[in-house]
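Both ligands and their constituent atoms are indexed starting at 1 by order of listing. Since the model is a prediction, treat every value here as computed from it, not as a measurement. For the single chain, residues carry numbers from 1 onward in sequence order.
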Amino acid sequence: MCIRDSANGGVLLRVLPELGAEDGPEAHRVVVDGHLVEIAGASEAGVFRGAQTFRQMLGPEAFRRAPVSAKRAWELPPVVVEDAPRFAWRGALLDVARHFMPKGGVLRYLDLLAAHKLNVLHLHLTDDQGWRLQVDRCPRLTEVGAWRARSKLGHRASPLWDERPHGGYYTKDDIREIVAYAAERHITVVPEIDVPGHSQAAIAAYPELGNTDVIDTTTLSVWDTWGINPNVLAPTDTTLAFYENVLTEVLDLFPSPFVHIGGDECPKGQWKASPAARARMAAEGLADEEELQSWFIRHFDRWLAARGRRLVGWDEILEGGTLGGGLTPGLTPGATVSSWRGRAGGIAAARAGHDVIMCPEQEVYLDHRQAPGDDEPVPIGWVRTLEDVYRFEPVPSGLSPAEADRVLGAQANLWTEVMENQQRVDYQAFPRLAAFAETVWSPLPAPAERDFASFERRMTTHYARLDALGVDYRPPGGPRPWQRRPGVLGRPLEGAPPIV
Ligand code: ACM
């Protein structure tokens, strides 16, 4: 495509597949030459990424949604930029289950991801505290599961409650719009339906999904506090059929090759106490509840693979296998692991021949506090500063080159237990998401050798871009008064985080 006027200059956009011969479809070249600009990409995605590079060159005003000066003359020195990403998966997770982000906020986040050349939005759509996706076959998931009566304010040990009901969900048309908006920005939306733990909202809507021989699941409501919940799905045919129905609708809505089915933090207490779960274990020849969990995951892994999709799961999907030293029993080759409890899961998965997305909680969980001290709002977890995130290295050391190739990329995760609205999400995400974006895009030197001073200097311009984008980031000097949450209990973790 050409938007060009030979007298007054213009921008030429071109797809040049040869640019991607070595560097992949997002490779691009931006040439500014006198009054002409050419943005060439190996694919349309490459052209789009190149346009982001060009926008950065233009300066902060180019990040506003409309021009602020009537006749702005954009001046750029002649320059050639050639660039391509280091990783194919450059993701961010938004937890819209703990606190719902209305559709407009998600669309805005897609703009922010695009401006940072990130290309995966992992939407955590279901959890104990809310079900956020309309499912035609199972209407109570949103009629009941999308609402909770009140919410714990702060960490679960806090005595405070926000007594306002909280809720919301995306209609199917909302999702179609989000997916299409993302596609225009060459971003893949990966849906997560978390099973078999993190499922109390679904059980509150459909009590037969829970372990009815252990507890009276009809008494459960959508959970109003945080933490790991003992009320997990029953490993029954009813549950499997129910979630096949849910996933059938998920596949209709989300073209992503990857579908995340969670698998994390599933306490085994109810299964241990459940005659039905024990009968299932006996029938399937499973030795213990860990194997029952991997049986459950395997079922959906095969179900997805039969439909041409790839399962992604948190690193617990390796349990009952790889982490014990053997091979994961029976996962399909396409099954992919989100390594969150450190690096061990990613290393084990890569060695077992599975693809990996690195998102270790010690390093890139952006709900964790970004500075020491009492000023940080509801401080959770370890201190992970802007510099720490800038020094994040996605590929674990010790992998062979072939194993390292299994690392598709990395993801920064935004869990929202203590982030109740868009401003709080902005505060936790930025500026650290900018540092993360550079670590997954650029072939940076080893963490200790990275030039953080140079990054900080470049951040001075980037803060002006974030201002133009309307991002409520954490200023370098600490939170603004209204960004604090005095009196709301967090859970700071002390000491150096173990990076394992
Ligand atoms: C997780 O943080 N539970 C994946």
_More than 12 heavy atoms of other residues, nucleotides or ligands under 6.0 Å from CG of Asp374: yes or no?_
no

*May I ask you to identify the nearest protein heavy atom to atom 2 (O) of ligand 1, giving residue, atom name and distance to one decimal place in Å?*
Tyr365 OH, 2.7 Å

_Give me the nearest non-hydrogen protein atom to atom 3 (N) of ligand 1 as residue plus atom name, then the distance to 0.1 Å._
Asp264 OD2, 2.7 Å

*Non-hydrogen atoms of Arg309 and Ser256 that approach each other most closely*: NH1-O, 3.0 Å

_Could you check whether Trp441 and His116 have their ring centres less than 6.0 Å apart?_
no

*Which of the numbered atoms in ligand 1 are below 4.0 angstrom from a heavy atom of Glu265?*
3 (N)

*Does one side chain, of Tyr169 or Gln134, offer a donor that lies under 3.5 Å from an acceptor on the other?*
no

*asked:* Less than 3.5 Å apart, any donor N or O on the side chain of Glu316 or Trp340 sitting next to an acceptor on the other?
replied: yes

*Output the list of atoms in ligand 1 that are nearer than 4.0 Å to some heavy atom of Trp415, sorted by atom number.*
1 (C), 2 (O), 4 (C)

*Could you list the atoms of ligand 1 found under 4.0 angstrom from a heavy atom of Trp340?*
1 (C), 2 (O), 3 (N), 4 (C)

